[in-house]
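Chain naming here is simple, since letters A, B, ... match the order of the sequence lines and numbering starts at 1 in each. Every value quoted in this text rests on a predicted model; they were computed, and no experiment measured them. Only heavy atoms go into these numbers, but all of them, side chains included; no hydrogens, no water, no symmetry mates.
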There are 2 protein chains.
Amino acid sequence: MAGHGGSVAGSDAEVERLLDVLAAEGGRRTAARRAIVAAFVATAGAVTADELTARVQADAPDVNQSTVYRVLEALEAAGAADRAETGREAAAWHLVAGDHHHLRCSVCGRVEEVGTDAVAALAAAVEAETGFVLSDHLVLTGRCARCGRR
Amino acid sequence: MAGHGGSVAGSDAEVERLLDVLAAEGGRRTAARRAIVAAFVATAGAVTADELTARVQADAPDVNQSTVYRVLEALEAAGAADRAETGREAAAWHLVAGDHHHLRCSVCGRVEEVGTDAVAALAAAVEAETGFVLSDHLVLTGRCARCGRR
DNA sequence: GTAATTGCAAAGCTTTTGCAATTTA
DNA sequence: TAAATTGCAAAAGCTTTGCAATTAC
């Protein structure tokens, strides 16, 4: 494999891009940040801060969880990551990609994905009505097909 | 005023209705539940468990916060109340009314309301696509008009 | 050199839970 | 009397924060 520690082609560039995003706001390129961002990029979908910390520490055991939280917060502030509150459990973090949203069942807790298409019209309506620009990663709550309505 | 402790005309009936809802699931009518439900009904919009506890304790100082949490949970399970996670802060609880949703700005934290009309089409699309029935009280995140997009 | 970043540990906050005592049906 | 409910206190879980040491610029 090219790159360091099992990275995938293309990922390195994405990691650097995100470090650039942080650097653009006065941030610095540190080993910890690179490890965290790399682990984040290597993640398919959403992760909790806890899961991400575990993945980071698999490669870089010295990186502390509080640093993970701080980097996630910095990415969020820069608009590169989204924190999706899921309710009872820890927040789910995504890199901003904008291709799906989440549906969380308030009965069984299961989380499904739904494409952005269904939400696009809503986003337009909300923006027209209120000027509010919806996130690329919403968490919509309700009852899943299995748990039914009541 | 009619009724006990500054209640408003019509509210008493609503309080009893909610106690009925709980009773229908095997619940019992207790003084604590009546105080909590009354305070909840007397609240215009959303409250946190903490705020609700304060209001309850203004009239009934002996009611414990854990009881407030348990009643909210029971109302949620009965479909009479909705817990809306707002992100950093405590969850916002609503009686199910179904006339609006919330928009939370991830930059400034401000929460706006938006009517159900804008969401109705989304709800239909999501249900058609996934069988998922959206909640009557969603919390949609994004950036408000003031904070703009980035 | 200066400001940002980090690790560590501790604190903060909301929410949940165990249990004995009390109350409702 | 049996089951549900309550208060109290403690625990749990996620996230944030103070601070001194380190590191990037």
Round to the nearest Å and state the distance from A:Leu22 atom CG to C:dA4 atom P. 14 Å

Do the side chains of B:Gln65 and B:Asp50 get nearer than 4.5 Å, heavy atoms only? yes

Please examine the side chains of B:Leu95 and B:Thr43, heavy atoms only from C-beta on, and report whether any two atoms are closer than 4.5 Å. no

Can you tell me how far apart CZ (B:Arg34) and CG (B:Asp12) are? Round to the nearest 0.5 Å. 9.0 Å

To the nearest Å, give me how far apart CD (A:Gln65) and P (D:dT15) are. 8 Å

In whole angstrom, what separates B:Asp62's CG from C:dT22's C1'? 13 Å

Whole-Å gap separating P (D:dG7) and CZ (B:Arg33): 11 Å

Hey, what bend do you get for the helix from C:dG1-D:dC25 to C:dA25-D:dT1 if you fit axes on five pairs at each end, rounded to 10°? 40°

Report the distance from atom CZ of A:Phe40 to atom NE2 of A:His94, rounding to the nearest 0.5 Å. 8.0 Å

Any chance you could measure A:Leu72, atom CG, to A:Asp82, atom CG, to the nearest 0.5 Å? 11.5 Å

Is any side-chain nitrogen or oxygen of A:Arg83 closer than 4.0 Å to OP1 or OP2 of D:dC14? no

Rounded off to whole Å, could you give me the CG-to-P distance for the A:Leu72 and D:dT16 pair? 9 Å

For A:Leu52 and D:dC14, what is the distance between atoms CG and P respectively, to the nearest whole Å? 14 Å

Toward the 5' end of DNA chain C, which comes first, B:Gly27 or B:Ala49, by nearest nucleotide? B:Ala49

For A:Asp20, salt bridge (Lys or Arg N to Asp or Glu O under 4.0 Å) partners two or more places apart: A:Arg29

When you measure from the side chain of B:Glu127 to the backbone of B:Ala124, do you find a donor-acceptor pair of N or O atoms at a distance under 3.5 Å? no

What's touching nucleotides 17-24 of chain D from the protein side, N or O pairs under 3.5 Å?
residue, atom, partner, partner atom, Å
D:dA24, N3, A:Arg28, NH1, 3.1

Think A:Asn64 has a side-chain N or O under 4.0 angstrom from the OP1 or OP2 of C:dC8? yes

Write down the distance between CD (B:Glu76) and C1' (C:dT16), rounded to a whole number of angstrom. 13 Å

Over all strands shown, is A:Asp50 touching base, sugar-phosphate only, or nothing at heavy-atom distances under 4.0 angstrom? nothing

How about B:Glu14 and B:Leu18: do any of their side-chain heavy atoms sit closer than 4.5 Å? yes

With salt bridge (charged side-chain N to carboxylate O under 4.0 Å, His left out) as the test, would you mind laying out the steps for A:Arg70 and A:Glu73 before giving the verdict? CA-CA 5 Å; A:Arg70 285 189 273 231; A:Glu73 190 174 79; over 6 Å; no

